[in-house]
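Reading through the structure tokens given below for one structure.
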Amino acid sequence: MTGGGKIANVYQTDRVAKKEEAPMSQSPVLDNPLKEGIRIERAADPCAMVIFGAHGDLTKRKLIPALFALYIEGFLPREFCVVGMSRTKMTDDEFRLSMKDSLQQFAPDIPFDQDKWDRFASSIYYLPAHFDEPGGLHELSQLLGTLSQKHGTQGNNLFYLSTPPSLYNPILDRLAESNLVERRKGLTAPWPRIIVEKPFGRDLETAVALDERLHGVFKEDQVFRIDHYLGKETVQNIMVLRFANGIFEPLWNREHVDHVQITNAETIGVEGRGAYYEEAGNMRDMIQNHMLQLVSLVAMEPPISLAAEATRDEKAKVLRSIRPFDLNNLDKYAVRGQYGPGYIAGQAVPGYREEPKVAKDSNRETFTALKLHIDNWRWAGVPFYVRSGKRLSKHVTEIAVHFKKAPHRLFNLNFVDAAELIGPNILVMKIQPDEGISLKFATKQPGTTTKLRWLSMDFNYGTAFGERTPTAYERLIHDCISGDATLFSRSDAVQASWELISPVLEKWESEAPKNFPNYAAGTWGPPESDELLADDDDVWRSL
Ligand SMILES: NC(=O)c1ccc[n+]([C@@H]2O[C@H](COP(=O)([O-])OP(=O)(O)OC[C@H]3O[C@@H](n4cnc5c(N)ncnc54)[C@H](OP(=O)(O)O)[C@@H]3O)[C@@H](O)[C@H]2O)c1
């Protein structure tokens, strides 16, 4: 890779990364990559990455493809190796073969090259183990010692929790009883780090308990709570858009913003994950983590620097500034829904209660809409509306900042068609399926009379840069190996988000909804979701 660098850290340009294929420990070492004309951005530390749960879905679909993409694009350190662990008995070669099959099946956009794969795969190892049995990591300690010598990983170990959350505590017990997590006083290396997959608890109490357990083994700066939303290009671009441009930030406040809408709409149902969804529901699955992270990025103050803690401080402040829900009038601020049977793209689909492993009388929410108030100087009086749901009519995730209308209607109804009524300017940050930005504004139609039309200026990541966009996992794994925690959730922010939503979940779980299912698959959720905005004369964007 040459040029701007796909994983260039937009926040920290002083860190460095290699920009050519890194054949890990087998590669010739460049004395000074700068001399070779290679642009340097960030350095990923030498390390061994241990994946707990390596026979699972996440490893196949996301982790190994991300690592291979990082490898072929030169972003992995030369001194790197992977150890996969799970119950299934396999040899190194069997594991490598199964990972190669998964790569070709799940990541067809990554150019496959057999030679490169062979070099990459020679640094992948597999070790079967039962994490819930004492001594389960004994062999791992020995293997990592050997690999540290063989691959030059310098004793740095990155542990990735890619297992069901019920195994987090047993794995932390195993790590605590091993010699793998020692951190010598005053030294930053060798380091242990741990990546934790969501869910980070299922309410405030369990989130605090998980943090205590993690902090019993790791220091907070060694804990990387992954939220793959934060690895998406547009999400990272929110900060660049706001703080690298002069024109937006002066408008980014209560004087000029009427309200903000954040939508996460999925057309799919629970896709065979009924048992998981029955436990979690939409609020835990989407709102507590992804949606509140988006709120904090849109609403945060400029950080004092691009250091990880400076950004994370500002995001945490936003979460702490969100007004607690008025539980006596909860319906005015929080709406839950569950889909019934309906149609998606003309195809009949079953209701949630008809899905496999879902109770026939389930009260689990598959849709949530919230009206949030951020009680601070910048946002007083500006509602942030957040909605997320399954089996909605379109697959789209976006943030729409609705600006206030022009103060005086110079161009009144005589200048516009009824269908083109002049509304507010809206800045939309599109997160998926297409990543990009669009700005909606009024313009004059060509002609001898003054007729106005509503148009948008669009920027699309895919077409604008013409490069493959790295997946969120590529970005985040690379950041973790480089020790950059900016895009990971910090303990206090996770707890602040649970403090906000746990009381709502408790109330919902103590009072059965009267009208579930309350929206048909293929619609935009229950009518109550519209009422949430009606008090302020707002309406959801028609997507
Ligand atoms: N899948 C995704 O796309 C995705 C996306 C976001 C987050 N996540 C999160 O990532 C984590 C992993 O998800 P997943 O979908 O990969 O789970 P999964 O497919 O159920 O895989 C679980 C893994 O854990 C291993 N395992 C289970 N019990 C074990 C034990 N007692 N000892 C040793 N190994 C054990 C399994 O090994 P065997 O197969 O050998 O029994 C398997 O490798 C979860 O926390 C999930 O919430 C997943």
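These numbers come from the heavy atoms of this one structure, side chains and all, not from hydrogens, waters or symmetry mates. For ligands, and for the atoms within them, numbers begin at 1 and follow the listed sequence.
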I need the nearest protein heavy-atom contact for atom 23 (C) of ligand 1: residue, atom name and distance, please.
Gly53 CA, 3.6 Å

Salt bridge Arg490-Asp492, side-chain N to carboxylate O under 4.0 Å
yes

Close approach, His228 and ligand 1, non-hydrogen under 4.0 angstrom
no

Ligand 1 contacted by Tyr168 (non-hydrogen, < 4.0 Å):
yes

Side chains of Ser388 and Phe367, heavy atoms from C-beta outward: is any pair under 4.5 Å?
no

Report, as yes or no, whether the 6.0 Å neighbourhood of atom CD on Gln347 holds more than 12 heavy atoms from other residues, nucleotides or ligands.
no

Out of Thr163, Val196, Leu167, who is nearest to atom 45 (O) of ligand 1 when you count heavy atoms only?
Thr163

With heavy atoms and a 4.0 Å threshold, my read on which part of Pro170 contacts ligand 1 is neither

Tell me whether Arg61 reaches ligand 1 (any heavy atom closer than 4.0 angstrom to a ligand atom).
no

Check ion pair Glu435-Lys430 (N to O, under 4.0 angstrom):
no

Positive for side-chain contact (heavy atoms from CB on, under 4.5 Å) with Arg391, one of Val349, Thr366, Val270:
Val349

Select one of side chain, backbone, both or neither to describe which atoms of Arg87 lie under 4.0 Å from any atom of ligand 1, heavy atoms only.
both

So, Asp479 and Arg475, do they make that salt bridge, N to O below 4.0 Å?
yes

In terms of its nearest heavy atom to atom 3 (O) of ligand 1, the top option of Asp285, Ile51, Leu58, Leu161 is Leu58

Angle between ring planes, Tyr473 versus His228, binned at 30° and 60°: parallel, tilted or perpendicular?
parallel

Does any N or O atom in Asp57 lie less than 3.5 angstrom from one in ligand 1, N or O only?
yes

How about atom 20 (O) of ligand 1: does it have a protein heavy atom within less than 4.0 Å?
no

Applying a heavy-atom cut-off of 4.0 Å, say which part of Lys62 lies close to ligand 1: side chain, backbone, both or neither.
neither

Given Phe131, Phe52, Phe106, which one has a non-hydrogen atom that is nearest to atom 32 (N) of ligand 1?
Phe131

I'd like to know whether CD of Glu205 has more than 12 heavy-atom contacts from other residues, nucleotides or ligands below 6.0 angstrom.
no

Atom 36 (C) of ligand 1 has as its nearest protein heavy atom Ser86 CB, 4.1 Å

